[in-house]
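Single-structure report; data block below.
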Amino acid sequence: MANNNVLLRLAVSVLALVAAAGCSRVTNSPHASGAEKTNTIFTAFTSRSPKYLDPTSSYSSDETPYTYQVYEPLYGYHYLKRPYELAPRAAQRVVKPRYLDANGTELPADAPGEAVAESIYEIPIRKGILFAPHPALARDASGRYVYHEMSAGDVADKFRIADFPATGTRELTAHDYVYAIRRLATPRIKSPSFSLMSEYVVGLKEYGERIAEVDRELRKGLAPTDRDLPMLDFRQYAFPGAEAVDDHTLRIRIKGKYPQFKYWLAMTFFAPIPWEAEKFYAQPGMAQKNLTMNYWPVGTGPYMLTEFLENRRHVLQRNPNFRGEPYPCEGEEKDAAAGMLADCGKPTPFVDRVVFDIEKEAIPLKTKFLQGYYDSPALSELDVGTAYIVEMADSADKAAEYEEKGIQLPTAIEANNRYLGFNMLDPVVGDGDTPEQSARNRKLRQALSIAIDWEEYIAIFEKGQGMAAQGPLPPGLFGYREDGPAAFNPVVYRKVDGRIERRPIDDAKKLLAEAGYPDGRDAKTGRPLVLNFDYLSALTPAARSLMDWYQKQFAKIGVQLEIRATDYNRFQDKMNKGSHQIYTWGWLADYPDAENFLFLLYGPNAKSLTNGNGENASNYRSKEFDRRFERMKFEDDGPTKAKLIDEMIRIAQEDAAWSWGYFPTSAAAMHQWVHNGKPTQIIRNQTQYLRIDPQLRAQKIAEWNRPIWWPVVLIVLALAAGIVPAFRAYRRRERENAARTLAREAHAGAAE
């Protein structure tokens, strides 16, 4: 009987396995069943949750996918146009400032920068903009705020913003921007923008000192670690640099003329903050529950944050109060062919929800992306597509797979650079002590610039993902033209049949001889020319191969390169002190203006001459360059500014303070059902413009993740192969036992 039960259980198990395989399937999707059919973007983050979502302090790239969707600065950027073009967000329009002289007399719009004592920006705010629903704005029937008078006990059972059932809204006003600008001075959190803005916004520096004193008074009697602090109400403390002329007009006063200030108005430092949010989050017990603006922001943007599971999951939900901004109808020439204008004029955002799930390991993330469970591996990392592009170049199978899946890998040359620099304070590669020495050293730098083959570097170390630079200014910024100096460096390149090609190595050798080093030896002493390359990290195996490449580039013209590798802190010390000779570094633009790159070569910014406070790491000083820079930084985009940029680039190319290096390629990765994706590091609210096709996604996920039946069949056959002989043996033993029983019974009967 026992054997019979075993066989029965085994048979039942086989049938259950087959039934389970036929009725359901196990997947590694991180989402609930059926989620792929919803109007939701699914993406991932790979390290930690965003640390700061408070717009006063947020400045990290991993925070921007949230902050620029929730908040609305006054300005933004046109999504498709390049060069980048400012566009209004909460403002009615992008305004031009009024200029005043030292006596308060208004100056013409083309007044020279040195004549301007103050710039006044009067910015009209759009009417009818509403904040997203939030408990901080909830009021009862009598108009009283529902959640502004809570005790620690009232919030004891609250952990999420959704735990407060009542929500409210109100219209955005200029006062909310004034509050935000005043709040830049808060000592309770660090604002990365305060130091610079306090140099420009009238009275902000002094205001910061005043607010620090107010905060000290409010903290009296509290422990330094106490998180329950009385509200620091900025409505009570005004300063002249930021004022509301009326409910829908904001006035900002700037010292002197600072045209680049308009780009700061596109950053979330200048996003509106309702005082009610400050009041709500300042109540007892809130900070201990992480009920703060760093976790639960309050804004007027297209989305609101509705779920924050730290280091696990974040969800942006469509703001039901958002007015619906139209999708752009203009862009670059290639945008129409790429289908980027198909949604012209339609209201955005297109997507209802954006879900961010943690994926700490690269392989599971890639696997789930290729299965269709993620629409993009990452929305904020613009190098995420590079690995796929490289794989396609290296493997025909990968290329076929990615093309068959319709994976989109759009690329763009972005506003950042990598370069090799010469320290102009150095006696060998720098300015020199005499005009004659200066001219010889310049020819040495030019010779080395020709010898260093950046096209080869890009092919080897960047897998072809980059563009050799002709000067300091990348494409996409005003001043860069295909027929201008920014796109052609005659010192290092030449034009042959209309094509730009690197000058032959013989040109470099000729310049080296004219510099006093024929065949790489000092013409006077006969000693070999040995130069020092200060590298910013330890020599790992990958770094060693890179250093070998640099040494080979210098060796082309007989110059020896000595590698001096160190850790980054020591490297920075060398740069600050000016004890370096040749180095490599890079720059990522804060805003899309030529000034943000050309200031890296501005004499007064020399790093080693300003105790490390400047960003001119080559310590390059040129009276002609500096004179033009000082004029250019006051100019608005136009012919005068373009001419000055051209002249500065030509001067810098001739002086060769840098070997100009390359501009890296940005590459996104997304599935075929994601539309309107255009990689950009400048525009941070791009999610607003993305559209998906959930029906196609569901179809492809089902197609790419079909159940694999043959293992089940093999298991069934294997089990059957084991069951049949066992069953036959069981039947044989049963028959033998029955025969023996009958024989014993017959024998017993005969005996009787």
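Since we're looking at a predicted model, the values are computed, not measured.
- Between the Thr680 side chain and the Ile683 main chain, a donor and an acceptor come within less than 3.5 Å of each other.
- Judged by distance alone, the side chains of Asn28 and Gln371 do bring a donor and an acceptor atom under 3.5 Å apart.
- A salt bridge is absent between Glu63 and Lys51; no separation between the charged side-chain nitrogens and carboxylate oxygens falls under 4.0 Å.
- Ring-centre distance between His675 and Phe350: not below the 6.0 Å cut-off.
- Seen from the ring of Tyr145, Arg139 counts as a face-on cation partner, given the 6.0 Å and 45° thresholds.
- The structure places CD1 of Ile129 at 4.0 Å from CZ of Arg323, a figure rounded to the nearest 0.5 Å.
- Taking the centre of each ring, Tyr258 and Tyr200 come in below the 6.0 Å mark.
- A distance-only check finds a donor-acceptor pair linking the side chain of Asp693 to the backbone of Leu696 [under 3.5 Å].
- For Tyr52, there are no side chain to side chain donor-acceptor pair (under 3.5 Å) partners, not counting sequence neighbours.
- Salt-bridge formation is detected for the pair Glu122/Arg251: a Lys NZ or Arg NE/NH1/NH2 atom is positioned less than 4.0 Å from an Asp or Glu carboxylate oxygen.
- Pro274 has its side chain within reach of Val298: a pair of non-hydrogen atoms, C-beta onward, lies under 4.5 Å apart.
- Here the side chains of Thr38 and Pro694 are not in contact, with every heavy-atom distance at 4.5 Å or above.
- Between Glu276 and Lys279 there is no salt bridge, since no side-chain nitrogen of the basic residue lies less than 4.0 Å from a carboxylate oxygen of the acidic one.
- Annotation for Phe308 and Pro50: closest pair CZ-O, 4.0 Å, computed over non-hydrogen atoms.
- Taken from CD1 in Ile252 to CG in Leu265, the straight-line distance is 5.0 Å, to the nearest 0.5 Å.
- Judged by distance alone, the side chains of Thr348 and Gln688 do bring a donor and an acceptor atom under 3.5 Å apart.
- A salt bridge does not link Lys81 with Asp335: every distance from a Lys NZ or Arg NE/NH1/NH2 to an Asp or Glu carboxylate oxygen is 4.0 Å or more.
- Checking side-chain atoms of Asp163 against main-chain N and O of Arg160 turns up a donor-acceptor pair under 3.5 Å.
- With rounding to the nearest 0.5 angstrom, the CG atom of Leu477 is 7.0 Å from the CD1 atom of Ile682.
- Taking a cutoff of 4.0 Å between a charged side-chain nitrogen and a carboxylate oxygen, Arg219 and Asp215 qualify as a salt bridge.
- A cation-pi arrangement is present between Lys289 and Phe159 under the rule of less than 6.0 angstrom and at most 45 degrees off the ring axis.
- Applying the ring-ring contact (aromatic ring centres under 6.0 Å, His included) test between Tyr66 and each of Tyr303, Tyr295, Phe356 identifies Phe356 as the sole match.
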From CA spacing to verdict: side-chain hydrogen bond (donor to acceptor under 3.5 Å, both in side chains), Glu359, Tyr374: CA-CA 11 Å; Glu359 288 288 351; Tyr374 287 122; 2.8 Å; yes
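- In this structure Thr64 satisfies the side chain to side chain contact (heavy atoms under 4.5 Å, CB included) test together with Thr67, Tyr68, Arg684, sequence neighbours excluded.
- Judged purely by atom type and a 3.5 angstrom limit, Asn319 has no side-chain atom pairing as donor or acceptor with the backbone of Met304.
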Derivation of the side-chain hydrogen bond (donor to acceptor under 3.5 Å, both in side chains) call for Glu72 and Thr300: CA-CA 6 Å; Glu72 281 191 293; Thr300 63; 2.7 Å; yes
Residue pair His31, Tyr373: steps toward the ring-ring contact (aromatic ring centres under 6.0 Å, His included) verdict: CA-CA 8 Å; His31 317 302; Tyr373 298 133; 7.2 Å; no
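- Using a 4.5 Å cut-off on side-chain heavy atoms (C-beta onward), Met286 and Met150 make contact.
- Arg210 has no carboxylate O lying under 4.0 Å from a charged side-chain N of Glu213, or vice versa, which leaves the two without a salt bridge.
- A cation-pi arrangement is present between Lys257 and Tyr99 under the rule of less than 6.0 angstrom and at most 45 degrees off the ring axis.
- With hydrogens and angles ignored, the 3.5 Å screen pairs a side-chain donor or acceptor of Asn596 with a backbone N or O of Asp590.
- Ring centroid separation for the pair Phe164 and His134 does not come in under the 6.0 Å cut-off.
- One side chain, Ser60 or Asp62, offers a donor N or O that lies under 3.5 Å from an acceptor on the other.
- For CZ of Arg170, the number of neighbouring non-hydrogen atoms (other residues, nucleotides, ligands) closer than 6.0 Å is greater than 12.
- For the pair Pro187 and Leu232, the minimum side-chain heavy-atom distance is below 4.5 Å.
- Taking the ring centroids of Phe234 and Tyr179, they lie under the 6.0 Å cut-off.
- The local environment of CZ in Arg48 is crowded, with over 12 non-hydrogen atoms from other residues, nucleotides or ligands closer than 6.0 Å.
- Comment: Glu118 engages Arg253 in a salt bridge, judged by a side-chain N to carboxylate O separation of less than 4.0 angstrom.
- Side-chain contact of Thr292 with Asn294: a donor-acceptor pair under 3.5 Å is absent, judged by distance alone.
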Derivation of the side-chain hydrogen bond (donor to acceptor under 3.5 Å, both in side chains) call for His248 and Thr173: CA-CA 6 Å; His248 294 93; Thr173 72; over 6 Å; no
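- Leu229 is listed as a side-chain neighbour of Leu222, based on a closest heavy-atom distance under 4.5 Å.
- Outside the 6.0 Å centre-distance limit, the rings of His314 and Trp296 are not counted as a close aromatic pair.
- Separating the CD atom in Glu243 from the CD1 atom in Ile181 is a distance of 10.5 Å, to the nearest 0.5 Å.
- Between Glu106 and Arg98, at least one side-chain nitrogen of the basic residue sits less than 4.0 Å from a carboxylate oxygen of the acidic one, meeting the salt-bridge criterion.
- Residues Val354 and Pro65 form no side-chain contact, since every pair of their non-hydrogen atoms from C-beta on lies 4.5 Å or further apart.
- Using bins of under 30°, 30° to 60° and over 60° for the plane-to-plane angle, the ring pair Tyr689/Tyr79 lands in the parallel bin.
- In this structure, Tyr207 OH and Phe194 CZ are separated by 10.0 Å, a value rounded to the nearest 0.5 Å.
- Of the inter-residue distances, the one linking Trp673 atom CH2 with Gln695 atom CD reads 13.0 Å to the nearest 0.5 angstrom.
- The aromatic rings of Tyr263 and Tyr77 lie parallel to each other, with less than 30° between the two planes, well short of the 60° mark.
- Side-chain contact check for Tyr71 and Asp54: no donor-acceptor pair (N or O, by modelled atom type) lies under 3.5 Å.
- Of the possible donor and acceptor atoms, one in the side chain of Asn321 sits under 3.5 Å from a partner among the backbone N and O of Phe131.
- At distances below 3.5 Å, at least one donor-acceptor pair connects side-chain atoms of Asp226 with backbone N or O atoms of Asp228.
- Using a distance-only test at 3.5 Å, with no hydrogens or angles considered, no donor-acceptor pair links the side chain of Thr186 to the main chain of Arg183.
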